[in-house]
Amino acid sequence: MTLSIRPADPARPDFVGEVAGLDIARGITPAEAAAIEAGMDRYGVLVFRDQPLDDAQQVAFSRHFGPLEMATGDIAQGGQRRLSMEINDISNLDCDGAVLGRDDRRRLFSLGNMLWHSDSSFKPTPAKYSMLSARVIPGSGGNTEFADMRAAWDALDEETKALVRDLVCEHSQLFSRGTLGFDAFTEEERAKWQPVPQRLVRRHPRSGRLSLFLSAHAGAIRGWPIPEARMLLRDLTEHATQRQFVHAHVWRPHDLVMWDNRVTMHRARRAPPDQVRDLHRTTVADSAPTLEQAA
Ligand code: OGA
Ligand code: MN
């Protein structure tokens, strides 16, 4: 069977594709990688069902799309890490495989994934693609939602488009976690996660489509008073996450979901805190800081 992609929701033909005819664990060909990248250009999010993967297979697949990021945005370092530095640990587990306690710093930090965001927008060069592999899924809840930031841009009125077109935001994990009242950062983390600039409107290098580049990590706009900046970012996020722009992915074990962080935001939804939820994420870095990319 050859690779095919169809819209997850026929009513929304250019957002979220479902891929069939591929066995990722076996390894993919350059032609298949090119077809996937073309699918990403159109859909922004691709869903691959029934792909049992180990970390090495997931890394090998991910490398077809560019150099991988290291998981330096994680709060668990050194002896506390459960997985290798190429894997972002999107789980509620400690090194012994036990569910993290309610007050565990790693758990409280990871609740930030429930805010709408784009991965690694707090890094000077943010993420291109993320690949999230479902290893263990809870009995209920725990969906991941995706918002189409191209459609959100297209739907803005002309006055707002002109207002935001050339704005530059500052992104930091200190901002996103601060929204939740989490401030248990070490001095080292505070220094490491100082704000970085990102364009608010960007153009996809292949599709040419414009999109809003929003994220919970955005906490300032260059040249703007902070409250005015945060209010605009809040308004834009509210606009961009209206239900007509949002797709909810309901996880099955062995799903692999891949998204383009340049054109989407995503968020985790609540799951029962005592049930295991274990997903592994690989992340492909973008080519350059957004200010160095054509607008
Ligand atoms: C991520 C993320 C959301 C989720 O993996 O980057 O934000 O539903 N995950 O776990
Ligand atoms: Mn994320």
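Starting from 1, each residue takes its place in the sequence as its number. Just so it is clear, the structure is predicted and the values come from calculations on it, not from any experiment. First listed ligand is number 1; within each ligand, the first listed atom is number 1.
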His266 vs Trp259 aromatic rings, parallel, tilted or perpendicular, using cut-offs 30° and 60°?
->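 Ring orientation, 0 to 90° scale: tilted.
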
Do the ring planes of Phe61 and Phe65 sit parallel (below 30°), tilted (30 to 60°) or perpendicular (above 60°)?
->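 Perpendicular: the ring planes of Phe61 and Phe65 meet at over 60°.
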
Presence of salt bridge, Arg135 and Asp55, under 4.0 angstrom |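 Result for this pair is yes, salt bridge flagged.
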
Salt-bridged, Arg105 to Glu189, with N to O below 4.0 Å?
->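 Judged by the 4.0 Å cut-off on N to carboxylate O distance, Arg105 and Glu189 do form a salt bridge.
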
Going by heavy atoms, is [X] under 4.0 Å from ligand 1?
| X | value |
| --- | --- |
| Leu279 | no |
| His117 | yes |
| Arg277 | yes |

Using distance alone, decide if ligand 1 has a nitrogen or oxygen within less than 3.5 Å of any nitrogen or oxygen in Arg269.
->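 Between Arg269 and ligand 1 (N or O atoms, distance only) the closest approach is not under 3.5 Å.
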
Which of the listed options, His266, Glu145, His249, holds the heavy atom that is closest to atom 2 (C) of ligand 1?
->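 That would be His266.
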
Mode of Phe146 contact toward ligand 1 - side chain, backbone, both, neither (heavy atoms, under 4.0 Å) =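 Answer for Phe146: neither.
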
Considering only protein heavy atoms, which is closest to atom 6 (O) of ligand 1, and at what distance to one decimal place?
->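 Sorting protein heavy atoms by distance from atom 6 (O) of ligand 1 puts Arg281 NH1, 2.7 Å first.
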
Inspect the surroundings of CZ in Arg102 and state if more than 12 heavy atoms from other residues, nucleotides or ligands are less than 6.0 Å away.
->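 Check fails, neighbour count at 12 or below.
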
